Amino acid sequence: KKSAIQSARAMGPMRIAIFDVTPVHASASADLGLVYNYYSPAVAQAFVGDIVEIAKRLARERNVAFVLELKHKRKSVSIHDRSYLEYIERLVCEHPMLQLIDPSEDLFEMLGRADVAISIPYSSPVYIASEMKKPGLFYDPTRCLIPFFDKAPGIEFCSGKEGLYRSLSGPILCTRT
């Protein structure tokens, strides 16, 4: 009988739908009166970078291919932080597993082809994934947030890279359907 990992491998790559909140640059934050903005460029970069790093680690350890699809919450506008957008462009070039999805793409189609959804806390795509019977994670790279969210089937909160690793390497990786 095949193990869960062998079954997952036979199903093709593990597809992760990633949903960020594009950070605004510092002067836009100040203009908006944001004294401390969790959705900063540093946090957003860590959010996506950690997911790529953990997917690469799991690919090596478990011999499972990954496809990471990143969808920004909105199209880029002048208040969005250029350094973050350039960071994402570099990541996409350096890591073929990471694909940038147009913000106007249908959310339901993207989630339909995903095995799991990961959102920066507390963005709504994880709740839609839950309704579609797909697992979802709120991922906090800072390990500073209190997991305070509306509970729904299949939704977890994880903090820090090791928490993300445990969440993705456990039941999510082993119970793909």
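Quick caveat: nothing in here was measured; it's all calculated off a predicted structure. FYI, the numbering just counts along the sequence from 1.
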*asked:* Using the side chain to side chain donor-acceptor pair (under 3.5 Å) criterion, which residues pair with Gln45? Sequence neighbours excluded.
replied: none
*Taking C-beta and beyond as the side chain, do His72 and Ile88 meet within less than 4.5 Å on heavy atoms?*
yes
_Minimum heavy-atom separation for Ala46 and Pro141, please, with both atom names._
CB-CB, 3.8 Å
_Phe108 versus Asp106, closest heavy-atom pair with distance_ = N-OD2, 3.0 Å
*asked:* For a side chain to side chain contact (heavy atoms under 4.5 Å, CB included) check, start with the C-alpha distance between Cys158 and Arg166, then their side-chain angles and the critical distance, and finish with the verdict.
replied: CA-CA 9 Å; Cys158 58; Arg166 282 189 302 276; over 6 Å; no
*May I ask you to test the Tyr84-Val48 pair for a side-chain heavy-atom distance under 4.5 Å?*
yes
*Do Leu137 and Ser119 come within less than 4.5 Å of each other through their side chains, counting heavy atoms only?*
no
*Cluster overlap Leu107 with Leu68, hydrophobic side-chain contacts below 4.5 Å*: no
*How would you list, by chain and number, every residue that makes a ring pair (Phe, Tyr, Trp, His ring centres under 6.0 Å) with Tyr165, sequence neighbours excluded?*
none
*asked:* Nearest 0.5 Å, please: how far is OG in Ser159 from CG in Asp140?
replied: 4.5 Å
*Is any side-chain N of the basic residue among Glu105 and Lys75 closer than 4.0 Å to the acidic one's carboxylate O?*
no
*Return yes if some donor-acceptor pair links the side-chain N/O of Asp81 with the main-chain N/O of Leu85 below 3.5 Å, else return no.*
no
*If you take all heavy atoms of Glu156 and Ser167, which pair is closest and at what distance?*
OE1-OG, 3.0 Å
_Qualifying residues under side chain to side chain donor-acceptor pair (under 3.5 Å), relative to Glu131, sequence neighbours excluded_ = none
*Return the minimal non-hydrogen interatomic distance between Met97 and Ala55, and the atom names on each side.*
SD-CB, 3.8 Å
*Point-to-point distance, once rounded to the nearest 0.5 Å, from CE of Met110 to CD1 of Ile128*: 11.5 Å
*Please walk me through it: do Val43 and Ile120 pass side chain to side chain contact (heavy atoms under 4.5 Å, CB included)?*
CA-CA 9 Å; Val43 171; Ile120 198 157; 4.2 Å; yes
*Spatial distance of atom CG (Leu98) from atom NZ (Lys56) [nearest 0.5 Å]*: 11.0 Å
*asked:* I want to check something: taking the side chain as every heavy atom from C-beta on, are Val116 and Met14 in contact at a cut-off of under 4.5 Å?
replied: yes
*asked:* Does any part of the side chain of Leu111, heavy atoms only, come nearer than 4.5 Å to the side chain of Phe19, both counted from C-beta?
replied: yes
_Student check: side-chain heavy atoms of Ile16 and Asp115 closer than 4.5 Å_ = no
*Minimum heavy-atom distance between Pro121 and Phe138, given as atom pair plus value*: CA-CD2, 3.9 Å
_Verdict with supporting geometry, Glu61 and Arg57, salt bridge (Lys or Arg N to Asp or Glu O under 4.0 Å)_ = CA-CA 6 Å; Glu61 291 176 1; Arg57 179 177 165 190; 3.1 Å; yes
*So Ile101 and Ile18, side chain to side chain contact (heavy atoms under 4.5 Å, CB included) or not? Walk me through it.*
CA-CA 10 Å; Ile101 303 302; Ile18 305 168; over 6 Å; no
*If you round to the nearest 0.5 Å, how far is CD of Gln99 from NZ of Lys71?*
15.0 Å
*Check step by step if side chain to side chain contact (heavy atoms under 4.5 Å, CB included) holds for Val21 and Tyr38.*
CA-CA 10 Å; Val21 173; Tyr38 176 81; over 6 Å; no
_Exam field: side chain Ser130 to backbone Ala152, donor-acceptor pair closer than 3.5 Å_ = no
*Same cluster or not: are Ile118 and Tyr127 linked, directly or through other Ile, Leu, Val, Met, Phe, Trp or Tyr residues, by side-chain heavy atoms under 4.5 angstrom apart?*
yes
*asked:* I'd like to know if the side chain of Asp20 pairs up with that of Tyr39 as donor and acceptor (distance under 3.5 Å, no hydrogens or angles considered).
replied: no
*Can you find a pair of side-chain heavy atoms, one from Leu145 and one from Phe157, that are under 4.5 Å apart?*
yes
_For Ala114, is there any backbone N or O sitting under 3.5 Å from a side-chain donor or acceptor partner on Lys134?_
yes
_Is any side-chain heavy atom of Tyr139 closer than 4.5 Å to one of Lys161?_
yes
